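One structure below.
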Amino acid sequence: MTQTNSYLRLATACLAVIAVIAFGWFLNAAQPIIIPIVLGALLAFLMDGISRILARIPYYSDVVPSWLRMTLTTVVLFVVLTGLISFFARNLDPVVRAIPAYVTGLSVAVSEIAARFDVEFELTWQSVDRLIFDNIDVQWLIRYILNSVSYSAGYLALVFLYAVLFLIERESIAVKVAAITPDEQSRQDVWHTIDLITDQIGTYFTTKTMINVVLGLICWLIFQMFGLEFAAFFAVTTAIFNYIPYVGSWIAMALPMLFAVGQLGLSWNVFWLFSLLSAAQFGIGYFWEPRLMGRSMNLSPVIVMVSLASWTAIWGPIGAILSVILTSGIMTIMSFFEVTRPMAILLTNNGDVPSRREELSDAAD
């Protein structure tokens with residue numbers, strides 16, 4: 001009997017691994033269909049979160065009804081995101097064209113460092129150009145990026161359409177849940193599960209977006225202080241990369257720092273620029289963000305990095321940005337079932353996972 005149980009556990013583990021691989025393959029193959037839906041759902045969370053924040057403004061909620069708040073939020077977000085796409089379309093090509101001039105300044109700085117250590121080293125745009133073009137088809141990459149930016153306008157409209165449909169569908173969910181689960185206790189279980197997931201993801205995504213906007217503004221002010229060219233472009237990329245956990249913000253710092261060395265040379269200004277950017281990243285990422293976020297995600301740092309690598313392999317940059325949100329949602333769903341609850345505990349940072357019964361008892365209290 002014991003040997004049979006061992007075989008059953010082994011077979012179950014193997015089937016689980018096969019199911020995960022098959023699910024990852026499906027997500028990768030179906031990403032043109034799934035990603036706009038996921039982005040639409042997250043945008044709906046963001047619009048709802050902003051609308052709730054606006055409702056807290058004194059007298060605003062009394063004058064402006066909820067439907068009008070949501071409509072205004074939707075229109076403003078659409079205009080802002082459309083403006084961002086137009087901004088990238090205008091600035092991406094000048095940034096790429098300016099790279100050779102900045103490489104010249106960077107080569108001078110590298111040569112100065114090499115001379116101090118009696119090392120002969122010459123960095124020129126021709127050597128960088130040869131190194132890059134021998135390994136990467138840069139022309140194809142630039143065309144792909146420009147085409148993606150141009151295509152993004154229609155893609156954004158599709159995402160907003162999904163978001164609006166999700167918000168409209170929200171009104172009919174109660175009727176559908178009641179039809180699916182006529183039992184009152186089961187209906188409460190379903191609603192508490194939905195409320196927990198939506199509150200968790202909505203709070204994280206809305207708060208993270210607000211934090212990234214503030215970080216982008218701070219970085220823009222720092223870039224302006226030192227007269228760095230393309231300050232607005234680097235500030236926006238910093239805000240976007242900050243969605244990627246741990247490594248995103250530091251990747252976003254690398255490009256402006258390279259441009260700063262090419263523009264300002266090896267000087268104290270570059271040192272102070274790096275110091276102020278690091279202080280902004282460290283202060284927001286390790287002090288302000290945890291205070292605002294609290295324990296909204298509660299994911300192990302190792303799991304965060306594994307999920308980052310996994311979702312990036314499946315969905316590319318979009319997967320990197322959504323990795324924490326998707327993994328947290330999966331963990332929350334797994335915690336509500338006895339079979340998968342141990343796996344959910346392994347994903348957490350402190351072993352504390354939400355329990356459906358605990359949520360119900362808390363609600364009753």
Side-chain angles (χ1 to χ4, degrees), residues 1-42 44-45 155 158-159 162 166 169 173 176-177 180-181 186 189-190 192-198 200-202 204-205 243-248 296-359:
M1 188 68 177
T2 304
Q3 188 175 8
T4 302
N5 291 335
S6 300
Y7 287 143
L8 287 175
R9 284 196 294 268
L10 179 61
T12 303
C14 292
L15 288 175
V17 172
I18 294 174
V20 169
I21 295 174
F23 185 62
W25 175 86
F26 169 76
L27 291 175
N28 180 265
Q31 59 178 301
I33 299 173
I34 298 177
I35 289 181
I37 297 175
V38 174
L39 292 177
L42 291 176
F45 283 128
Y155 196 82
L158 177 62
V159 170
Y162 278 121
F166 276 122
E169 191 73 12
I173 290 179
K176 296 180 180 180
V177 171
I180 295 173
T181 56
S186 300
D189 289 354
V190 172
H192 280 286
T193 303
I194 294 174
D195 289 342
L196 182 63
I197 294 174
T198 54
Q200 187 180 53
I201 295 177
Y204 173 83
F205 192 60
Y243 280 106
I244 302 175
Y246 296 133
V247 299
S296 58
M297 292 293 107
N298 191 28
L299 289 173
S300 165
V302 176
I303 296 301
V304 170
M305 293 304 298
V306 171
S307 67
L308 174 62
S310 302
W311 286 109
T312 303
I314 295 173
W315 282 351
I318 297 296
I321 293 173
L322 302 179
S323 59
V324 172
I325 297 174
L326 296 172
T327 305
S328 176
I330 293 173
M331 181 202 70
T332 303
I333 295 173
M334 291 171 60
S335 67
F336 288 137
F337 301 96
E338 292 298 329
V339 177
T340 56
R341 186 175 176 82
M343 297 178 63
I345 293 175
L346 293 176
L347 297 179
T348 62
N349 188 37
N350 56 12
D352 184 20
V353 294
S355 171
R356 186 163 52 189
R357 295 302 173 189
E358 291 174 2
E359 292 291 326

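Note that the coordinates shown come from a computational prediction; the quantities given were computed from them, not determined experimentally. The residues of the chain are indexed from 1 along the displayed sequence.
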Tabulate below the donor-acceptor pairs under 3.5 Å that side-chain atoms of residues 19-37 make, not counting sequence neighbours, or state none.
unit_1, atom_1, unit_2, atom_2, d
N28, ND2, I314, O, 2.8
Q31, NE2, N28, O, 3.1

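For the atom pair CD1 (I303) and OG (S328), the distance works out to 12.5 Å, reported to the nearest 0.5 Å. Taking CD1 of I345 as the reference point, atom CE of M331 lies at 10.5 Å (rounded to 0.5 Å). Interatomic distance, L322 CG to L308 CG, rounded to the nearest 0.5 Å: 11.5 Å. Rounding to the nearest 0.5 Å gives a distance of 7.0 Å between OG1 of T312 and CD1 of I244.
With sequence neighbours excluded, the residues forming a side chain to side chain donor-acceptor pair (under 3.5 Å) with Y243 are T209, listed by chain and number. With sequence neighbours left out, the side chain to side chain donor-acceptor pair (under 3.5 Å) criterion links W311 to T327.
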- Item | Residue pair V38, L326: steps toward the side-chain contact (heavy atoms from CB on, under 4.5 Å) verdict | CA-CA 9 Å; V38 174; L326 296 172; 4.2 Å; yes
- May I have the step-by-step check of side-chain contact (heavy atoms from CB on, under 4.5 Å) for Y204 and I325, ending in yes or no? CA-CA 8 Å; Y204 173 83; I325 297 174; 3.4 Å; yes
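Among all heavy-atom pairs drawn from G40 and F166, the shortest one is C-CD1, 3.9 Å. When all heavy atoms of S323 and S307 are compared, the closest pair comes out as CB-O, 3.7 Å.
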